[in-house]
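These notes concern the structure reproduced below.
Convention: sequence-line order gives letters A, B, ...; per-chain numbering from 1.
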There are 2 protein chains.
Amino acid sequence: MARRAAVADLVDRARRGEHLAVARLISLVEDGVATSGGGQLREVAAALAPYSGRAHVVGLTGPPGVGKSTSTSVLVRALREQGRRVGVLAVDPTSPFSGGALLGDRVRMGEHATDDGVFIRSMATRGHLGGLAWATPQALRVLDAAGCDVVLVETVGVGQSEVEVVSLADTTVVLLAPGAGDGIQAAKAGILEVADVFVVNKADRDGADQAIRDLRHMLSLGDRPAEGGWTRPVVRTVAARGEGVDDLVAALDAHRHWLDEAGERERRRIARAESEIQAITLEQVRSRIGDLRGVHGLRELARQVLAGDLDPYRAADQLTGRAGSAGASGPQA
Amino acid sequence: MARRAAVADLVDRARRGEHLAVARLISLVEDGVATSGGGQLREVAAALAPYSGRAHVVGLTGPPGVGKSTSTSVLVRALREQGRRVGVLAVDPTSPFSGGALLGDRVRMGEHATDDGVFIRSMATRGHLGGLAWATPQALRVLDAAGCDVVLVETVGVGQSEVEVVSLADTTVVLLAPGAGDGIQAAKAGILEVADVFVVNKADRDGADQAIRDLRHMLSLGDRPAEGGWTRPVVRTVAARGEGVDDLVAALDAHRHWLDEAGERERRRIARAESEIQAITLEQVRSRIGDLRGVHGLRELARQVLAGDLDPYRAADQLTGRAGSAGASGPQA
């Protein structure tokens, strides 16, 4: 009970904007992943449930070297100038040495370090991608509960991680930069499809105009927005000099407005909650079955399969036993 | 009932060594993957259950171009000369055009086409790797039930597929060839660790002696067999000329003998059955949860999470409902 009281107290303090409480809750969420059963993670999730759903979650993604961290930093500055409370989650699943990423982000985010209206967190990877999948949605809820108007989720790297961030974000920003075949790389990684807003950063470089033309051409071929649909904008920025950042903020606000008007925000959030519940369910079942290894149940079924008394499908039926009809019976409130 | 009778009849005929029945059963197993619920797959699995566990399952793997198919073909010949019944499963998960692979294997295996004691099957990939995971263990059981003394499972390609074959095989053979950094590639892919027997094929080529020395050196550093343990042999072959193939057969038989003596075969087969049951269980749960999408249960829970009335972990508990304690309660025989 002492622990539960502690979590509730932390949530109260986080809601009042206490940075230490926010940091502590995110740590609990991260640690909860590592512990079997994820006790603290569950407690924090339960305590946060009533206080989330307000923040505009913006995912920033793109190939390495396009200036995601710099863009994030100037976005924070622009949003702060408007008096908005901002959270930043820097997610770096590709680096096994999260310590380095953490340090790097802190340095880049240094100018915001003393600002009470900014919450910055580098998510450690705990050595496996899976952990992020559990911790990140809850970390988002912590920042949401802390009263952030906007939460920026920045992924460093390419690949699967983008897909996860997309499923977390209300608005997904894909950053590109001229040269180095970034556009092609991005297209290959499938991240063009998931963008709500495009940014061509480093737009003062050679090839920027061409990159923007290519991108607009590609979009003109693929995008066929229905009546009342969303036409994906291409924003030019030179983040290092703060150029174009106001345009980006405007594009984010326009998308947020469209999401609300079109009922799309609700639809996306429901889909996201469904995915999250589904993933947790599977993980719970997986860990329960994993726990059975070497214990009576699974081993005995395996022996029966070996003896030819059972086939593996009927063995699985017996293992899931009562799980077998859980799907059909629906929730029991 | 007609269908069930048909499957039982096919199994009877397969056990008498009828090639057509064997082929038909493997087709049913492959098709079962594609159909929702996998009805025929389950039926075949149930009908085969009493008749498997006899065959020595040998996995052959290694980087492309080392001569896996040629080695498989000469192994078949050598085993047939000893009067043993042989099955071959050629698994090519890297090629989306399984038709080509099938044809190629048939050509290479042409000399065995009219031999009643040889069963050769190219496993189609059905466009996704996952399908193989379900079909291959059952296809193995078909060949086992058909009285094969040895079943050779050949994977074409590198990557994850090796790991799957390893988990299917009693004995895993890793083939390497001199030059082209094959050894390094293999080490990177992690397949050195899983080998029970090494083959350096194309041993008449330049660099063969060096490759064998390198490999033996690597093994001398890493392998510390306990008393009664297995010392992994390195067999030299020139498969295209049939050289060294008797040595390979002897190495396979020695490993099979060791597996039996050390109780290791039983241990591996139980671990394999456990993995299979676990994978089927997860897939069953996953597909049931998948079915719930868009239906009352999951959607309603997602809405409650959005409203802040529920956190996603408690939502998952409600979704699994009766599944929650299935793990702890064990099998219900």
Side-chain angles (χ1 to χ4, degrees), chain A residues 38 41-42 45-46 48-53 137 266 269-271 273-274 276-278 280-282 284-286 288-293 296-303 305-333, chain B residues 38 41-42 45-46 48-53 137 266 269-271 273-274 276-278 280-282 284-286 288-293 295-303 305-306 308-333:
Chain A
L41 174 62
R42 289 185 64 111
L48 289 171
Y51 309 118
S52 59
E266 173 88 356
R269 295 205 153 197
I270 285 183
E274 286 183 349
E276 195 181 0
I277 297 168
Q278 179 165 321
I280 292 168
T281 304
L282 282 173
Q284 286 176 349
V285 174
R286 186 191 303 274
R288 280 186 199 116
I289 294 170
D291 290 346
L292 270 188
R293 277 192 162 271
H296 175 69
L298 180 58
R299 176 63 50 96
E300 178 53 30
L301 288 170
R303 283 192 197 282
V305 168
L306 242 63
D309 297 334
L310 206 59
D311 70 79
Y313 288 85
R314 279 188 297 158
D317 289 345
Q318 294 202 10
L319 195 65
T320 48
R322 296 182 288 170
S325 51
S329 70
Q332 302 146 347
Chain B
L41 174 62
R42 289 186 64 112
L48 289 171
Y51 309 117
S52 59
E266 173 88 355
R269 295 205 154 197
I270 285 184
E274 286 183 349
E276 195 181 0
I277 297 168
Q278 179 164 321
I280 293 168
T281 304
L282 282 173
Q284 286 177 349
V285 174
R286 186 190 304 273
R288 279 184 201 118
I289 294 171
D291 289 347
L292 268 190
R293 277 194 160 270
V295 177
H296 175 69
L298 181 59
R299 176 62 51 95
E300 179 53 31
L301 288 169
R303 283 191 197 282
V305 169
L306 242 62
D309 297 333
L310 208 60
D311 70 80
Y313 288 85
R314 278 188 297 157
D317 289 345
Q318 295 202 11
L319 196 66
T320 47
R322 297 182 288 170
S325 52
S329 71
Q332 302 145 346

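A:Arg42 has its side chain within reach of B:Asp317: a pair of non-hydrogen atoms, C-beta onward, lies under 4.5 Å apart.
Heavy-atom pairs under 4.5 Å with chain B were tallied for A:Ala273, A:Ser52, A:Ala49; the largest tally goes to A:Ala49. Options A:Asp309, A:Ile280, A:Leu48 differ in how many heavy-atom pairs under 4.5 Å they form with chain B, and the most are formed by A:Ile280.
A distance of 4.5 Å separates CD of A:Glu274 from CG of B:Leu298, quoted to the nearest 0.5 Å.
Of all heavy-atom pairs between A:Arg269 and B:Leu306, the closest is O-CD1, 3.4 Å.
Contacts of B:Ala315 classified as side chain to side chain contact (heavy atoms under 4.5 Å, CB included), with partners at least two apart in sequence or in another chain: A:Ile277, B:Leu301, B:Val305, B:Leu310.
In summary, B:Arg303 and A:Glu266 engage in a salt bridge, as defined by a charged side-chain N under 4.0 Å from a carboxylate O.
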